[in-house]
Amino acid sequence: MALCWLLVICGALCLSTRPLSATAQRVEQTDSEEDGRFPCGQPPSIENGSYETYNHGASIAYLCDDGFMMYTFGGRKRHCQDGRWSGSTPICSAGGCSEEDAPTVENSSVQRFNGGTVRFHRCNAGFERQWGGSMVIYCDGARWRNEPGRCVGAFSSPCGQAPHVENARRTKHSNGLITYTCEPGYRRRLGGGSILCSADEQWIGSPGVCTRLF
């Protein structure tokens with residue numbers, strides 16, 4: 001009889017001391033997310049959607065609310081790298097906007113995505129995007145969102161048209177120098193980021209290329 005009671009007591013002790021590390025780890029990660037202690041700061045929010053975090057707040061994945069479709073600029077995930085969030089925030093779009101009321105961008109062509117709820121404008125040949133505004137217009141289910149950008153005449157000089165660089169914007173200075181600035185989410189590689197038309201009508205310098213941050 002004494003042996004039976006001893007077995008019961010031992011069993012109870014074993015159950016009470018069973019490791020709970022997995023549960024504790026989940027609680028710690030949840031607390032970190034709720035407190036906003038992210039390595040790169042609070043992640044950029046998304047309208048008509050949300051995000052879930054993993055890797056202890058160092059990575060996020062965006063989700064759209066029910067009834068909305070996602071349009072991404074390279075993917076729905078972003079990661080904390082070198083103190084900043086990689087990539088760009090996606091768009092959550094939905095039907096309900098009139099095609100006739102969609103904002104237009106002069107001197108551009110338009111591509112439609114997500115059943116026409118996302119409109120991506122690209123400047124025509126000989127034109128380039130000017131600072132300000134957006135080339136992506138989308139419907140949030142009730143109205144078109146984003147202020148449209150502008151496509152203006154590309155820079156020309158005795159050296160001819162200044163080279164075009166994808167995902168970069170050009171600025172012409174009073175001394176004839178043309179500088180290239182990569183758009184948000186991109187960084188410059190393989191060049192100094194500026195060119196100048198010389199007296200013998202040759203471009204001096206290299207604009208480089210703009211590659212996406214990952």
Side-chain angles (χ1 to χ4, degrees), residues 29-30 32-34 36 38-55 57-81 84-154 164-170 181-187 209-214:
Q29 181 175 339
T30 302
S32 174
E33 294 161 10
E34 291 177 352
F38 294 94
C40 286
Q42 192 72 24
S45 60
I46 181 172
E47 293 193 41
N48 306 310
S50 59
Y51 58 78
E52 55 188 14
T53 66
Y54 53 102
N55 291 344
S59 299
I60 61 174
Y62 288 99
L63 305 167
C64 287
D65 295 338
D66 292 341
F68 288 84
M69 299 172 286
M70 180 173 291
Y71 175 83
T72 69
F73 301 90
R76 71 184 190 96
K77 295 182 179 180
R78 302 183 73 173
H79 307 282
C80 178
Q81 294 181 344
R84 61 187 299 177
W85 290 105
S86 66
S88 302
T89 304
I91 288 173
C92 292
S93 66
C97 299
S98 170
E99 178 78 12
E100 297 177 354
D101 296 334
T104 59
V105 177
E106 292 186 6
N107 305 310
S108 75
S109 58
V110 60
Q111 290 180 283
R112 295 168 177 79
F113 301 92
N114 288 7
T117 61
V118 175
R119 299 166 57 91
F120 179 79
H121 291 267
R122 185 181 297 275
C123 294
N124 296 333
F127 295 86
E128 65 178 12
R129 178 183 173 184
Q130 192 178 48
W131 283 98
S134 175
M135 302 303 279
V136 179
I137 311 297
Y138 72 97
C139 178
D140 66 359
R143 60 191 178 94
W144 293 104
R145 302 293 300 273
N146 286 345
E147 184 70 21
R150 296 181 58 197
C151 292
V152 297
H164 172 73
V165 175
E166 285 289 334
N167 305 308
R169 300 173 183 176
R170 291 177 287 189
T181 304
C182 294
E183 296 181 353
Y186 294 82
R187 64 181 175 185
V209 296
C210 294
T211 59
R212 182 178 292 275
L213 290 170
F214 289 104

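Positions are given from 1 along the sequence.
Gly75 and Pro90 get closest at one heavy-atom pair: O-CG, 4.1 Å. Summarising the geometry of Arg129 relative to Cys123, their closest heavy-atom pair is N-SG, 3.4 Å, with the distance given to 0.1 Å. Nearest heavy-atom pair, Gly57 versus Phe38, reported as atom, atom and distance to 0.1 Å: O-CD2, 3.2 Å. The minimum heavy-atom distance between Tyr62 and Met70, with the atom names listed, is O-CE, 3.4 Å. Across all their heavy atoms, Val105 and Ser108 have their closest contact at O-OG, 2.6 Å. In terms of heavy atoms, Arg145 sits closest to Ile137 at O-CG2, 3.3 Å.
Contact of the Phe120 side chain with the Val110 side chain is not registered, since no non-hydrogen atoms from C-beta on lie closer than 4.5 Å. Using a 4.5 Å heavy-atom threshold, the side chains of Cys97 and Thr117 count as separate. Within the 4.5 Å cutoff, no side-chain heavy atoms of Arg119 are placed close to those of Gln111. Side-chain contact check for Arg212 versus Phe73: some heavy-atom pair is nearer than 4.5 Å. Considering only heavy atoms from C-beta on, Arg76 comes within 4.5 Å of Leu63 through its side chain.
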Practice task
Step by step, work out the side-chain contact (heavy atoms from CB on, under 4.5 Å) result for Met69 and Tyr138.
Solution key: CA-CA 11 Å; Met69 299 172 286; Tyr138 72 97; over 6 Å; no
Handout entry: Chi angles and distances behind the side-chain contact (heavy atoms from CB on, under 4.5 Å) call for Val165, Cys210
Key = CA-CA 7 Å; Val165 175; Cys210 294; 4.3 Å; yes
Handout entry: Tyr54/Ile60 under side-chain contact (heavy atoms from CB on, under 4.5 Å): CA gap, chis, key distance, verdict
Key = CA-CA 6 Å; Tyr54 53 102; Ile60 61 174; 5.7 Å; no
Exercise for the section: List the steps, then state whether side-chain contact (heavy atoms from CB on, under 4.5 Å) holds for Leu213 with Tyr186. Expected result: CA-CA 5 Å; Leu213 290 170; Tyr186 294 82; 5.8 Å; no
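Under 3.5 Å, the side chains of Ser59 and His79 contain a donor-acceptor pair of N or O atoms.
A distance of 11.0 Å separates CG of Asp65 from CD of Glu47, quoted to the nearest 0.5 Å. Within the model, atoms NZ of Lys77 and CG of Asn55 stand 9.0 Å from one another, a figure rounded to the nearest 0.5 Å. The distance from the OG1 atom of Thr181 to the CG atom of Asn167 is 13.0 Å, given to the nearest 0.5 Å. Interatomic distance, Ser134 OG to Ile91 CD1, rounded to the nearest 0.5 Å: 6.5 Å. A distance of 9.5 Å separates CG of Asp140 from OG of Ser93, quoted to the nearest 0.5 Å. Considering SG of Cys92 and CZ of Phe68, their distance stands at 7.5 Å, rounded to 0.5 Å.
Looking only at distances, a side-chain donor or acceptor of Trp144 sits under 3.5 Å from a matching main-chain atom of Ser98. A donor-acceptor contact shorter than 3.5 Å links the side chain of Arg78 to the backbone of Gly87.
A salt bridge is defined here as a Lys NZ or Arg NE, NH1 or NH2 lying under 4.0 Å from an Asp or Glu carboxylate O, and Arg112 with Glu99 meets this definition. Under a 4.0 Å N-O distance rule, the pair Arg150/Glu106 does not qualify as a salt bridge.
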